[in-house]
Amino acid sequence: MTPRMDAIGIITADLAASLAFYRRLGLDIPADAESAPHVEVTLPGGQRLLWDTEDVIGSFDPDWTAPRGGERLGLAFLCDSPAEVDAVYDDLTGAGYRGHLKPWDAVWGQRYATVLDPDGCAVSLFAANG
């Protein structure tokens, strides 16, 4: 038996804000999901992305404390072109989300940018350059 990666979990302080951010990135999250303490969506390829509120985690792990400082999770979204990286970055920061790294041409051959989700998790946007 070999375990296989199945899901990525996000622990969020504000479920509605987190879901709104990831919907804006194109994830198909059910409209009424904000009322649930646990939300999950199946991504293309079959992996799942999960959200749990801090209260849910605390309910079964009384020693858990919210992380402070630094990133605990990084997600990356592939864009179709360098121009799309710029457009998605502008859309998210224009909607009030915090930009971390403005779009730039990375030395490894990608157009690359980073935006922070409502909980401060880094979300990379990238596309092949040229």
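Note that the structure is a prediction, hence the values are computed from the model and not measured. Side chains included, hydrogens not; waters and symmetry mates left out as well; all remaining heavy atoms used.
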In terms of hydrophobic clustering (I, L, V, M, F, W, Y; side-chain heavy atoms under 4.5 Å; direct or indirect links), are Leu25 and Val85 co-clustered? yes
Just so I know, are the side chains of Pro118 and Asp14 near enough to count as touching, which here means a heavy-atom distance under 4.5 Å? no
Non-neighbouring partners of Ala66 that pass side chain to side chain contact (heavy atoms under 4.5 Å, CB included), sequence neighbours left out: Glu54, Trp64
Asp91: partners by side chain to side chain contact (heavy atoms under 4.5 Å, CB included), with sequence neighbours left out: Arg24
Smallest separation among heavy atoms of Ala127 and Asp80, with atom names: CB-C, 4.5 Å
Please check if the number of heavy atoms outside Asp28 that lie under 6.0 Å from its CG is greater than 12. no
Residues which pass ring-ring contact (aromatic ring centres under 6.0 Å, His included) with Tyr22, listed by chain and number, not counting sequence neighbours: Trp51
Run the side-chain hydrogen bond (donor to acceptor under 3.5 Å, both in side chains) test against Ser124 and tell me which residues pass, sequence neighbours left out. Tyr112
Connected hydrophobic set around Leu50, excluding itself, where side chains approach under 4.5 Å: none
Please answer: with hydrophobic residues joined when any side-chain heavy atoms are less than 4.5 Å apart, are Ile29 and Ile11 in the same cluster? no
Contacts of Asn129 that satisfy side-chain hydrogen bond (donor to acceptor under 3.5 Å, both in side chains) - sequence neighbours left out: Asp105
Taking the side chain as C-beta and beyond, is there a heavy-atom pair between Leu125 and Val115 under 4.5 Å? yes
Can you measure from CG (Asp61) to CG (Asp63) and round to the nearest 0.5 angstrom? 6.0 Å
Check for me, please, whether Leu49 and Val88 land in the same ILVMFWY cluster - side-chain distances under 4.5 Å, paths through other members count. yes
Partners of Asp117 by salt bridge (charged side-chain N to carboxylate O under 4.0 Å, His left out), sequence neighbours excluded? none
According to ring-ring contact (aromatic ring centres under 6.0 Å, His included), who are the partners of Tyr97, at least two apart in sequence or on a separate chain? Phe21
Answer yes or no: is there a donor N or O on one side and an acceptor on the other, between the side chain of Arg23 and the main chain of Pro30, under 3.5 Å? yes
Taking only residues two or more places apart in sequence, or in another chain, which ones meet Asp90 in a side chain to side chain contact (heavy atoms under 4.5 Å, CB included)? none
Who are the side chain to side chain contact (heavy atoms under 4.5 Å, CB included) partners of Ser81, not counting sequence neighbours? Ala83, Glu84
Here the ring pair (Phe, Tyr, Trp, His ring centres under 6.0 Å) pairs for residues 74-96, sequence neighbours left out, are none
Does one hydrophobic cluster hold both Val56 and Ile10, with members joined at side-chain heavy-atom distances below 4.5 Å? no
Is any side-chain heavy atom of Leu116 less than 4.5 Å from a side-chain heavy atom of Val123? no
As an exercise, state the distance from CG of Leu75 to OG1 of Thr114, rounded to the nearest 0.5 Å. 11.5 Å
Result block: side-chain N/O donor-acceptor pairs under 3.5 angstrom for residues 35-44, not counting sequence neighbours:
{"residue": "Ser35", "atom": "OG", "partner": "Asp32", "partner atom": "O", "Å": "3.0"}
{"residue": "His38", "atom": "ND1", "partner": "Asp52", "partner atom": "OD1", "Å": "2.7"}
{"residue": "His38", "atom": "ND1", "partner": "Asp52", "partner atom": "OD2", "Å": "3.4"}
{"residue": "His38", "atom": "NE2", "partner": "Glu40", "partner atom": "OE1", "Å": "2.9"}
{"residue": "Glu40", "atom": "OE1", "partner": "Arg48", "partner atom": "NH1", "Å": "3.4"}
{"residue": "Glu40", "atom": "OE2", "partner": "Arg48", "partner atom": "NH1", "Å": "2.8"}

